[in-house]
Amino acid sequence: MATEVVMPKQGNSVEACILLEWKVKVGDTVSTGDILCEAETDKSTIEVESTAEGTVLALLWNEGDEVPVMQPILAVGDAGESYTAAAGPAPAAEEKKAEPASAPAPEAAAAPEAAPAVTAESGLAASPRAKQRATKEGISLDGIAPTGPKGRIIERDVISAAARSASVSPAAKEAALATGAALPETGSGIGGRILMKDLISRGESPAPAAAAAEVTVKPVRGVRKVTAQRMKESLDTTAQFTLNAYADARGLQNLRNKLKNSREELGMNRVSINDMVMFAVSRTLKEFPYMNAHFSMEAITEFPNVHLGFACDTPKGLLVPVVSYADVRSLKELSDESKRLAAKAIEGKAQAEDLTGSTFTVSNVGAMGVDTFTPVINIPEVAILGVGEIALKPVGTGGDDVTFVPHIGLSLTINHMAVDGAPGARFLKALSQNIADIELMMAL
């Protein structure tokens, strides 16, 4: 009897995986533990192992499909055994489930003959509601394919036509109604918008398709979908505001130069400015426990240790690896751990435990030339620190004298439901001072 292998569950938050590549085909013999395919979750790339042994009878999904977890992906059984997929809920329309690979492809059904085109002159073939809707939408009945009884245009036909012609300039729409000119499928405007110059006179050939701008449509799924959902949830469920400040960066730059030129066997050469900022954050949070916390409408939970998340730009999108117990790690240990986690995230090998449990998050976009910005809180945390570039700022030295000193931009977004402005400002001030005195912080 055939055995179905399901897409395994990858943590409580993963609802579906994208099937990237099949490693087997119908007719192959597999054993328990063999790799069947690669799949992508919202956090990493995984290899799906076989939980059965025998001959592959059917592949139930295509490469690129978004497969719900715990749904069958493949059938294994005896060689020559027939297999029919069990009835179940159909996948979403945009990600249709593939027919079993072992089953012959059904013959294409004959396409029904197109209903005769109804022109504006044969207005009796359109329902009154269709005519009213066409007038409201500003489109002609000419060229609308009818679906009503006896070739009659009904309101839903007009609605469909209006949706297709939504990207038409008002001038082009008015001219088409007045002159009876036909609208092309796409126009030469941005995103294929139909302009006056794109109107087609009766009897003339349509403009070349190459004249229309190409539009790329990408499905929202994987990391992008999860990020979109979390960002919207963060803004919908919290009261966020951002405080901006600058910290004297001379200490960071001096220490970075010392470490870069230190003996290689010390292993400090790769310590970055961002590592130092994260180190300062982990120590400053210990002074302000209300910032190292999670918020819910029922309670605020403060944590005794700092588990520091950091935003990581990966080929799949934004991920947030977590350096656990950052507050008790040395600068070198924090640097090594953050680089190890970042490498796993970029390679698509991060596991669920690498990306969960943060109590505070740091997002650094200074390398892109950003000064200050408004980072979005990684809920349920109560705050997030944005780190900008190091740039020269004028500083008074007494009298009318001014000198230019390198400063690093800091943007602290706070959930006002958990932390008020003054306590947040006190934390940011202390952090700025600790960053300026980074070498002293390391001595504590």
Side-chain angles (χ1 to χ4, degrees), residues 9-18 39-45 64-69 91-95 163 166 191 215-244 291-301 307-322 342 345-346 348 350-365 368 370 372-388 410-421 424:
K9 190 172 180 62
Q10 300 292 320
N12 294 330
S13 63
V14 179
E15 298 179 351
C17 302
I18 300 171
E40 180 183 80
T41 73
D42 59 341
K43 298 180 175 68
S44 61
T45 300
D65 283 347
E66 188 169 7
V67 185
V69 296
E94 66 272 18
E95 299 290 337
V215 176
T216 301
V217 179
K218 298 180 180 180
V220 178
R221 59 189 183 185
V223 173
R224 180 74 273 147
K225 186 172 184 177
V226 172
T227 300
Q229 291 170 338
R230 286 188 60 80
M231 293 300 100
K232 185 177 188 303
E233 182 184 1
S234 177
L235 293 173
D236 285 349
T237 60
T238 60
Q240 302 189 23
F241 71 103
T242 302
L243 301 173
N244 297 309
M291 298 295 293
N292 188 49
H294 286 180
F295 173 82
S296 70
M297 294 303 295
E298 290 75 32
I300 297 175
T301 304
H307 306 299
L308 197 57
F310 62 96
C312 184
D313 183 25
T314 77
K316 295 174 58 179
L318 173 65
L319 294 178
V320 182
V322 181
I346 292 170
Q351 303 300 311
E353 58 265 27
D354 299 326
L355 304 167
T356 55
S358 59
T359 58
F360 189 93
T361 297
V362 174
S363 178
N364 190 331
V365 294
M368 287 78 166
V370 175
T372 59
F373 61 109
T374 307
V376 177
I377 294 173
N378 183 20
I379 56 174
E381 296 166 22
V382 302
I384 181 173
L385 179 72
V387 182
L410 303 175
S411 303
L412 181 69
T413 297
I414 303 169
N415 181 1
H416 214 323
M417 300 168 74
V419 180
D420 294 332

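For reference, positions follow the sequence shown, starting with 1.
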Q: Quick one: list whatever passes side-chain hydrogen bond (donor to acceptor under 3.5 Å, both in side chains) with Asn415, sequence neighbours left out.
A: none
Q. Would Phe360 and Leu385 count as a side-chain contact (heavy atoms from CB on, under 4.5 Å) if you check the C-alpha gap in whole Å, the side-chain angles of each, and the deciding distance to 0.1 Å?
A. CA-CA 8 Å; Phe360 189 93; Leu385 179 72; 3.8 Å; yes
Q: For the residue pair Ser234 and Gln240, confirm or rule out a side-chain donor-acceptor distance under 3.5 Å.
A: yes
Q: Please report the shortest heavy-atom distance between Gly424 and Leu412, naming the atom on each side.
A: O-CD2, 3.6 Å
Q) Any sub-3.5 Å donor-acceptor pair from Arg230's side-chain atoms to Ile379's backbone N or O? A) yes
Q | Short side-chain to backbone donor-acceptor contact, His416 and Thr238, under 3.5 Å | A | no
Q. If you measure from OG1 on Thr359 to CE on Met291, what distance do you get to the nearest 0.5 Å?
A. 11.0 Å
Q: With sequence neighbours left out, write down each residue that passes side chain to side chain contact (heavy atoms under 4.5 Å, CB included) with Asn244, or none if nothing qualifies.
A: Thr242, Thr372, Ser411
Q: Search all heavy atoms of Thr314 against all heavy atoms of Gly317 and return the closest pair with its distance.
A: OG1-O, 2.6 Å
(Q) Ignoring hydrogens, what is the shortest heavy-atom contact between Lys225 and Val220? Give both atom names and the distance. (A) CD-O, 3.6 Å
Q. Under 3.5 Å, side chain of Thr413 to main-chain N/O of Ile384, donor-acceptor pair present?
A. no
(Q) Nearest 0.5 Å, please: how far is CG in Asn292 from NE2 in His307? (A) 7.5 Å
